[in-house]
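The structure presented is a predicted model; accordingly, all values stated were derived computationally and were not measured. No hydrogens, no waters, no symmetry mates; every other heavy atom, side chains included, goes into these values.
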Amino acid sequence: SEKNCLRSGIFFKGGELPVRQVPVYIAWLVNAFENSSQYSEYYLDLRTGDVKFFCPMDFPEHSDRIKRLDQSEDFMKLPKLDKELVREIKREFIDLTDDPGIKELLQKALAADISFRKALMGLEDESVRLKWYQYQNKRYGDYLKEWFRERGIELVEKPPVNALEVNKGC
């Protein structure tokens, strides 16, 4: 029924796959995505929007939990950050850069497989590094939203939390 669909967060849009809305902090998902590795797994709790971290290499007991989560309809494993996606986003940022000196610096960094963070650290003007981080995070967020959308999940940004209000109860 419509009431059950609303309660579960699952909606149907124009004959497409059912869409399950999940409230998340996109920044938390981006952080997990950036830190993904072959040795660890991140899962999104589709009920709460929380991100869970598991590392079976360091914590063998995590292996059983991962097996259970893989069978659960309430958790979804986050994708791993793909090196080709990283290169694509770097190329886009270079194309958007107007300053010829910065463009050349970034092209050399890309060709030598040096992180943009390292390449930009030497600049006195931190604004370029800040623009890079903002662009990279936005693109990672866009990628994750699309990746989840293809699997019937709509990520809905949670309203920001006022840490001072949350800590009043401590």
Report whether W147 and I153 are members of the same hydrophobic cluster (ILVMFWY, side-chain heavy atoms less than 4.5 Å apart, transitive linking).
-> yes
In terms of heavy-atom contacts, does NZ of K80 have more than 12 from other residues, nucleotides or ligands at under 6.0 Å?
-> yes
Are I26 and L85 in one and the same hydrophobic cluster, where Ile, Leu, Val, Met, Phe, Trp and Tyr link if side-chain heavy atoms are under 4.5 Å apart?
-> yes
Please tell me if the side chains of I102 and L123 come closer than 4.5 Å, counting only heavy atoms from C-beta onward.
-> yes
Does some side-chain heavy atom of V51 sit less than 4.5 Å from a side-chain heavy atom of Y25?
-> no
For the atom pair CZ (R87) and CG (D82), what is the distance rounded to the nearest 0.5 Å?
-> 11.5 Å
Start with the C-alpha distance between L105 and L120, add both sets of side-chain angles, then the distance that settles side chain to side chain contact (heavy atoms under 4.5 Å, CB included), and finish with yes or no.
-> CA-CA 8 Å; L105 175 75; L120 295 171; 4.1 Å; yes
Determine, using ring centers only, whether F54 and Y42 are less than 6.0 Å apart.
-> no
Decide yes or no for L96 and Y135: does some side-chain heavy atom of the first lie under 4.5 Å from some side-chain heavy atom of the second?
-> yes
Within the distance-only criterion (no hydrogens, no angle test), does the side chain of N31 pair as donor or acceptor with the backbone N or O of A27 below 3.5 angstrom?
-> no
Give a yes or no on this: more than 12 heavy atoms of other residues, nucleotides or ligands lie within 6.0 Å of atom CZ of R129.
-> yes
Under the salt bridge (Lys or Arg N to Asp or Glu O under 4.0 Å) criterion, do K131 and D125 qualify, and how do the steps go?
-> CA-CA 11 Å; K131 286 177 187 173; D125 181 5; over 6 Å; no
Treating Ile, Leu, Val, Met, Phe, Trp and Tyr as nodes and any side-chain heavy-atom pair under 4.5 angstrom as an edge, say whether Y143 and V156 lie in one connected cluster.
-> no
Under the 3.5 angstrom rule, does the side chain of T97 hit a backbone N or O of K103 as a donor-acceptor pair?
-> no
Within a strict 4.5 Å, meaning less than it, do heavy atoms of the K145 and L29 side chains meet?
-> no
Between F116 and the options Q136, M121, K90, the side chain to side chain contact (heavy atoms under 4.5 Å, CB included) test singles out K90
Minimum heavy-atom distance between A32 and L78, given as atom pair plus value | CB-CD2, 3.9 Å
Worked check of side-chain hydrogen bond (donor to acceptor under 3.5 Å, both in side chains) between D70 and Y43 | CA-CA 9 Å; D70 285 339; Y43 284 80; 2.5 Å; yes
With hydrophobic residues grouped by side-chain heavy-atom distances under 4.5 Å, do F53 and V30 end up in a single group?
-> yes
E126, CD atom: more than 12 neighbouring heavy atoms under 6.0 Å = no
From L106 atom CG to I114 atom CD1, the distance as rounded to the nearest 0.5 Å = 11.0 Å
Is there a side-chain contact between L110 and F93, using heavy atoms and a 4.5 Å cut-off?
-> no
Roughly how far apart are S63 OG and R68 CZ, rounded to 0.5 Å?
-> 11.0 Å
If you measure from the Lys or Arg side-chain nitrogens to the Asp or Glu carboxylate oxygens, is any gap between E104 and K108 under 4.0 Å?
-> yes
Heavy-atom side-chain proximity of I89 to Y140 below 4.5 angstrom = yes
Please indicate whether K52 has more than 12 foreign heavy atoms, meaning atoms of other residues, nucleotides or ligands, lying under 6.0 Å from its NZ.
-> yes
E73 CD: over 12 foreign heavy atoms closer than 6.0 Å = no
Would you say the side chain of D50 lies within less than 4.5 Å of the side chain of V24, judging by non-hydrogen atoms?
-> no
Note, P56 side chain near I66 side chain (heavy atom, < 4.5 Å) | yes
Group every Ile, Leu, Val, Met, Phe, Trp and Tyr by side-chain heavy-atom contacts under 4.5 Å, then state whether L81 and M57 land in the same group.
-> no
Criterion side chain to side chain contact (heavy atoms under 4.5 Å, CB included) on L46 and L44, from CA distance to verdict | CA-CA 6 Å; L46 299 175; L44 175 63; 3.9 Å; yes
Euclidean distance, R65 CZ relative to S72 OG, rounded to 0.5 Å = 12.0 Å
Check side-chain hydrogen bond (donor to acceptor under 3.5 Å, both in side chains) between E146 and all other residues, then give those that pass, not counting sequence neighbours.
-> R149
Using 4.0 Å as the upper bound for N to carboxylate O, is an ion pair formed by E154 and R20?
-> no
